Every structure is written in C-alpha cells, then in structure tokens.
Amino acid sequence: MSFLTKIFGSSNQRALKRMQVSVDQTNLLESEYQQLSDDELSGLRVRLKELLKDTNFDLLAHAFAATREASVRTIGLRHFDAQMLGGIALSEGNIAEMKTGEGKTLVATLPAYMNVVKGNKVILVTVNDYLAQRDAAWMGRVYEFLGLSVGCITAGLDDDARRVAYGCDVTYGTNNEFGF
C-alpha cells in the first residue's frame with residue numbers, strides 16, 4: 001500500500017465514503033416517510049418532481065426513502081445500507097457487483113423509482129423469461145404502490161402486448177426480447 005493510499009484511502013474507499021453520506025441522509029428521512037399515509041406515499045412522485053426545480057433538493061435521498069418505505073409496506077423487505085450503496089452506484093451509472101442472495105432485485109427498485117421521477121422510462125434486463133416475470137410481479141407491487149406502471153416483455157408476446165409493456169414506467173425483460 002502506497003503512502004498516499006494510506007493517508008487518503010483507495011479510490012473505492014473514497015467513493016464508498018462519499019456514497020455513505022447519501023445513505024445517512026436517506027436513513028434520516030426514514031421516520032418521516034414511515035409517517036406518510038399510503039395515499040401520500042403513492043402520490044409522492046408528483047411532489048418529488050416539483051421539488052426537483054429546487055437545485056438544492058436531494059432527490060436521491062427522498063426517492064430512496066420512499067422506495068424503501070413502499071417496499072416495507074408491500075413486500076415486507078427493507079433495503080439494508082449495503083443495498084442502498086448498490087442503488088447509489090447504479091444511479092450513478094456504475095456497476096454494482098452483488099452475489100446471489102444479496103438483493104440485486106430489490107436494489108434495482110431504488111434507482112428505478114428515482115429515474116421515473118426524473119421523467120425517464122426504466123428497462124430492467126434479466127437473464128430469462130422466468131426471472132423477468134417473477135421480478136415484474138414481485139417488485140411490481142412496490143412500483144405500483146408508488147404510482148408507477150410495470151410491464152414485462154417475454155418470448156411469444158404479440159406486437160400489441162409489447163407496445164403496452166414498452167409504454168409502462170418500468171419494463172422487465174430479457175436482452176434478446178428488447179428492440180431498440
């Protein structure tokens with residue numbers, strides 16, 4: 001380990017330290033979001049989009065806090081801090097390597113909701129039709145609770161069904177089924 005790395009840390013350590021600030025901010029919002037009614041949480045997307053006009057507004061912390069609370073209420077799963085870090089990495093356009101069972105499917109809900117709030121469509125690519133259908137149904141409960149539409153593109157869908165799925169806020173599918 002070099003002298004400078006000992007003093008300043010590796011680039012990975014610095015990135016994690018920077019991202020931990022966002023995790024801490026999200027955690028501070030948790031009790032506030034727990035107090036929201038289901039209707040308030042479901043309608044939050046519009047309010048968050050309005051708040052984006054304020055350049056000092058931290059969308060990531062609020063979107064992640066909302067997604068975490070929606071997940072707890074709908075499927076009984078709470079994002080851990082390590083999963084929040086993975087969500088932040090994905091939201092920054094980075095790769096987040098996670099092993100089997102560490103919650104990749106749940107992690108994806110965080111940046112997905114945030115991107116829909118920003119006005120983007122979200123496409124989540126899985127390795128097979130079974131996982132696409134499973135994830136769309138399972139995580140779809142979280143997204144729908146937050147007021148989003150969810151679609152799934154699998155082999156054998158006709159063109160009309162594909163159009164409907166592409167028109168959703170969040171669309172699951174496999175790489176060989178998507179057309180760009």
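Predicted model, so just to flag it, every value in this text is computed and none were measured. These values consider heavy atoms only, across backbone and side chains, with no hydrogens, waters or symmetry-generated copies.
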Query raised in the report: Does anything in residues 88-117 pair up under salt bridge (charged side-chain N to carboxylate O under 4.0 Å, His left out), and if so which pairs, sequence neighbours excluded?
Result: Arg18-Glu92

Query raised in the report: Do Val122 and Leu59 share a hydrophobic cluster (ILVMFWY, side-chain heavy atoms under 4.5 Å, transitive)?
Result: yes

**Report entry** Partner residues of Asp159 under the salt bridge (charged side-chain N to carboxylate O under 4.0 Å, His left out) criterion, sequence neighbours left out
**Finding:** none

Report summary line: Residues at least two apart in sequence or cross-chain that pass side chain to side chain contact (heavy atoms under 4.5 Å, CB included) with Val107, listed by chain then number, are Gln83, Leu90, Met98

Report summary line: Nearest heavy-atom approach of Ser91 to Ile88 is OG-O, 2.7 Å

Query raised in the report: Is there a donor-acceptor contact under 3.5 Å from the side chain of Thr171 to the main chain of Ala165?
Result: yes

Report summary line: Between Leu44 and Ala66 the two heavy atoms that sit nearest each other are CD2-CB, 3.5 Å

Query raised in the report: Checking Lys121 side chain against Val170 main chain: does a donor-acceptor pair fall under 3.5 Å?
Result: no

Requested in this report: Evaluate side-chain contact (heavy atoms from CB on, under 4.5 Å) for Val150 paired with Asp169, printing each intermediate quantity in order.
Outcome: CA-CA 6 Å; Val150 180; Asp169 297 311; over 6 Å; no

Report task. Find out if a path of hydrophobic residues (ILVMFWY) with successive side-chain heavy-atom gaps under 4.5 Å connects Tyr143 to Val72. Result -> no

**Report entry** Partners passing salt bridge (charged side-chain N to carboxylate O under 4.0 Å, His left out) against Lys17 (at least two apart in sequence or in another chain)
**Finding:** none

**Report entry** Taking every non-hydrogen atom, the tightest pair across Tyr33 and Ala65
**Finding:** CD1-CB, 3.7 Å

Report summary line: Smallest heavy-atom separation, Phe57 atom then Leu51 atom, equals CB-O, 3.3 Å

Requested in this report: Keeping the roles fixed (side chain from Asn115, backbone from Pro111), state whether a donor-acceptor pair exists under 3.5 Å.
Outcome: yes

Query raised in the report: Looking at residues at least two apart in the chain, or sitting in another chain, which of them share a side chain to side chain contact (heavy atoms under 4.5 Å, CB included) with Asn56?
Result: Asp54

Exercise answer: donor-acceptor pairs, residues 23-30 side-chain atoms, under 3.5 Å, sequence neighbours excluded:
{"residue": "Asp24", "atom": "OD1", "partner": "Gln20", "partner atom": "NE2", "Å": "2.9"}
{"residue": "Thr26", "atom": "OG1", "partner": "Ser22", "partner atom": "O", "Å": "2.9"}
{"residue": "Asn27", "atom": "OD1", "partner": "Arg68", "partner atom": "NH1", "Å": "2.7"}
{"residue": "Asn27", "atom": "OD1", "partner": "Arg68", "partner atom": "NH2", "Å": "3.1"}
{"residue": "Asn27", "atom": "ND2", "partner": "Val23", "partner atom": "O", "Å": "3.4"}
{"residue": "Asn27", "atom": "ND2", "partner": "Asp81", "partner atom": "OD1", "Å": "3.2"}
{"residue": "Asn27", "atom": "ND2", "partner": "Asp81", "partner atom": "OD2", "Å": "3.4"}
{"residue": "Glu30", "atom": "OE1", "partner": "Arg68", "partner atom": "NH1", "Å": "3.4"}
{"residue": "Glu30", "atom": "OE1", "partner": "Arg78", "partner atom": "NH2", "Å": "3.0"}
{"residue": "Glu30", "atom": "OE2", "partner": "Arg78", "partner atom": "NE", "Å": "2.8"}
{"residue": "Glu30", "atom": "OE2", "partner": "Arg78", "partner atom": "NH2", "Å": "3.4"}

Query raised in the report: With ring centroids as reference points, do Phe64 and His79 lie under 6.0 angstrom apart?
Result: no

Query raised in the report: If you round to the nearest 0.5 Å, how far is CD of Gln133 from OG1 of Thr154?
Result: 5.0 Å

Requested in this report: State which residues pass side-chain hydrogen bond (donor to acceptor under 3.5 Å, both in side chains) with Thr174; sequence neighbours excluded, sorted by chain then number.
Outcome: Asn176

Query raised in the report: Among all residues two or more places apart in sequence or in another chain, which pass the side chain to side chain contact (heavy atoms under 4.5 Å, CB included) test with Ala155?
Result: Asp129, Glu177

Query - Salt bridge flag under 4.0 Å for residues Glu144 and Arg141 - result: no

Report summary line: Tracing side-chain contacts under 4.5 Å among Ile, Leu, Val, Met, Phe, Trp and Tyr outward from Tyr130 reaches Val127, Leu131

Report summary line: Note: Ala89 and Ala96 closest approach over all heavy atoms is CB-CB, 4.2 Å

Query raised in the report: For the residue pair Val142 and Thr74, what are the closest heavy atoms and their distance?
Result: CG2-OG1, 3.4 Å

Query - Under the side-chain hydrogen bond (donor to acceptor under 3.5 Å, both in side chains) test, residues paired with Thr67 that sit two or more places apart - result: none

Query raised in the report: Checking side-chain contact (heavy atoms from CB on, under 4.5 Å) for the pair Ile75/Met139: CA distance, chi angles, key distance, verdict?
Result: CA-CA 8 Å; Ile75 60 175; Met139 296 300 126; 3.6 Å; yes

Query raised in the report: Quick one: side chain to side chain contact (heavy atoms under 4.5 Å, CB included) partners of Ala161, sequence neighbours excluded?
Result: Leu157, Asp158

Query raised in the report: What residues form a salt bridge (charged side-chain N to carboxylate O under 4.0 Å, His left out) with Asp38, not counting sequence neighbours?
Result: Arg73

